[in-house]
Amino acid sequence: MMTKIRLAVLLIFSMSLAMSCNSGGDKVKYVLAETVEIEYYDTLKKDEWISIDGVTFKHLDTYEALKEDSIPENEFYTVDILPTTLQQIYIPGAESHEFLSTYGDAQVVFELFKHLAVKSDEQGNQIYKFAGHSLDMSRGKMILMRHDGKKIKVSTSEGYGAAVRKVE
């Protein structure tokens, strides 16, 4: 009788352990909707990310330097990167000093807007369209939908500094 109880306990323990393990990798929460609102409200750190329809925009603290110096201007918004809230600024001749620039919520959402506005399908048609007022963007908020009417899937890294909501 005691062996059967131990066996049952062992079986239950091993099943709960197997169910708690995720063989497919970490699962990420997401929003899936025809219209999505993204509202920035908190600090964005290096290596945090937002994924929109499978395109992952990674936040870099060297975004400003890349924008000005490394990537040609006509190609910059085709690269899937976004700024962090605090940007490292490099000034020639001031190597021993660290300079920071701040990106506010409105600036971050406007950078995301510019990246999404140039996304196009195989035929060259713009993928996303936007709704709302410029006042919303000045507060760090953007509403977007697809031109083809398909649902948009948005996910973010853990602790991401923006709210992603389904708009009805």
Side-chain angles (χ1 to χ4, degrees), residues 25-91 94 97-168:
D26 293 335
K27 292 190 179 196
V28 178
K29 293 180 184 177
Y30 63 89
V31 171
L32 182 65
E34 290 179 13
T35 305
V36 174
E37 177 184 84
I38 300 169
E39 182 176 9
Y40 286 94
Y41 62 85
D42 203 357
T43 303
L44 297 161
K45 299 177 188 92
K46 182 179 177 183
D47 296 329
E48 289 184 331
W49 53 267
I50 183 167
S51 178
I52 301 173
D53 288 337
V55 177
T56 302
F57 297 91
K58 189 174 181 180
H59 289 273
L60 301 177
D61 61 359
T62 56
Y63 181 86
E64 194 64 34
L66 290 171
K67 186 176 179 181
E68 291 182 11
D69 301 329
S70 302
I71 301 172
E73 187 177 344
N74 62 336
E75 296 175 16
F76 184 76
Y77 290 105
T78 63
V79 179
D80 303 326
I81 57 174
L82 289 171
T84 56
T85 304
L86 293 175
Q87 289 290 297
Q88 294 180 359
I89 304 297
Y90 298 100
I91 299 175
H97 299 287
E98 182 178 322
F99 298 94
L100 298 175
S101 174
T102 303
Y103 263 77
D105 299 336
Q107 291 169 296
V108 173
V109 81
F110 190 57
E111 291 298 308
L112 178 59
F113 167 80
K114 289 188 278 187
H115 282 278
L116 292 173
V118 299
K119 295 287 182 200
S120 58
D121 61 17
E122 297 80 31
Q123 292 80 34
N125 299 318
Q126 186 179 15
I127 295 174
Y128 299 102
K129 57 185 177 178
F130 306 91
H133 303 283
S134 57
L135 182 59
D136 290 335
M137 285 192 101
S138 71
R139 293 179 179 161
K141 186 188 302 186
M142 174 174 61
I143 297 173
L144 68 144
M145 61 226 53
R146 291 179 60 110
H147 277 286
D148 60 11
K150 292 181 182 176
K151 291 185 176 185
I152 300 171
K153 182 178 181 180
V154 181
S155 58
T156 63
S157 56
E158 187 74 28
Y160 193 71
V164 179
R165 300 178 192 96
K166 176 181 180 178
V167 177
E168 300 195 26

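For the numbers below, each heavy atom of this structure counts, side chains included, while hydrogens, waters and symmetry mates do not.
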Determine the minimum heavy-atom distance between [X] and [Y], stating which atoms define it.
{"X": "A163", "Y": "R165", "value": "CB-NH2, 3.5 Å"}
{"X": "K46", "Y": "T84", "value": "N-CG2, 3.3 Å"}
{"X": "A106", "Y": "S138", "value": "CB-O, 3.3 Å"}
{"X": "A162", "Y": "I38", "value": "CB-CG2, 4.3 Å"}

Any sub-3.5 Å donor-acceptor pair from [X]'s side-chain atoms to [Y]'s backbone N or O?
{"X": "E39", "Y": "G140", "result": "no"}
{"X": "S157", "Y": "W49", "result": "yes"}
{"X": "E75", "Y": "P72", "result": "no"}
{"X": "E111", "Y": "P83", "result": "no"}
{"X": "H115", "Y": "I81", "result": "yes"}

Rounded distance (nearest 0.5 Å) linking atom [atom1] of [X] with atom [atom2] of [Y]:
{"X": "H133", "Y": "K141", "atom1": "NE2", "atom2": "NZ", "value": "10.5 Å"}
{"X": "H59", "Y": "T156", "atom1": "NE2", "atom2": "OG1", "value": "9.0 Å"}
{"X": "L86", "Y": "T43", "atom1": "CG", "atom2": "OG1", "value": "7.0 Å"}
{"X": "L82", "Y": "L44", "atom1": "CG", "atom2": "CG", "value": "8.5 Å"}
{"X": "L112", "Y": "L144", "atom1": "CG", "atom2": "CG", "value": "7.5 Å"}
{"X": "I152", "Y": "L32", "atom1": "CD1", "atom2": "CG", "value": "9.5 Å"}

Open item on the list: The criterion is ring pair (Phe, Tyr, Trp, His ring centres under 6.0 Å); which residues satisfy it with Y128, sequence neighbours excluded?
Closed with: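 By the ring pair (Phe, Tyr, Trp, His ring centres under 6.0 Å) rule, Y128 matches no residue at all.
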Point to revise | Counterpart residues, ring pair (Phe, Tyr, Trp, His ring centres under 6.0 Å), relative to F130 (two or more places apart) | key: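 By the ring pair (Phe, Tyr, Trp, His ring centres under 6.0 Å) rule, F130 matches F113.
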Counting neighbours of [atom1] on [X] that are heavy atoms of other residues, nucleotides or ligands and sit closer than 6.0 Å, is the number greater than 12?
{"X": "Y160", "atom1": "OH", "result": "yes"}
{"X": "Y30", "atom1": "OH", "result": "no"}
{"X": "R146", "atom1": "CZ", "result": "yes"}

Next on the checklist: Using a strict threshold of under 4.0 Å (side-chain N to carboxylate O), is an ion pair present between D47 and K58?
Outcome noted: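 Answer for the salt bridge query: yes.
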With a 4.0 Å cut-off, would you call D53 and K151 a salt bridge?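 No, D53 and K151 are not salt-bridged.
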Within-4.5 Å side-chain heavy-atom neighbours: [X] and [Y]:
{"X": "I143", "Y": "M145", "value": "yes"}
{"X": "L116", "Y": "M142", "value": "yes"}
{"X": "F57", "Y": "E48", "value": "no"}
{"X": "D80", "Y": "K119", "value": "yes"}

- [ ] State whether Y77 and K114 meet the cation-pi test: NZ (Lys) or CZ (Arg) under 6.0 Å from the six-membered ring centroid, and within 45° of the perpendicular axis.
- [x]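 K114 over Y77 ring: no.
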Quiz item: Do Y103 and Y40 get their side chains close enough for a donor-acceptor pair, meaning under 3.5 Å?
Solution: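 Judged by distance alone, the side chains do not pair up.
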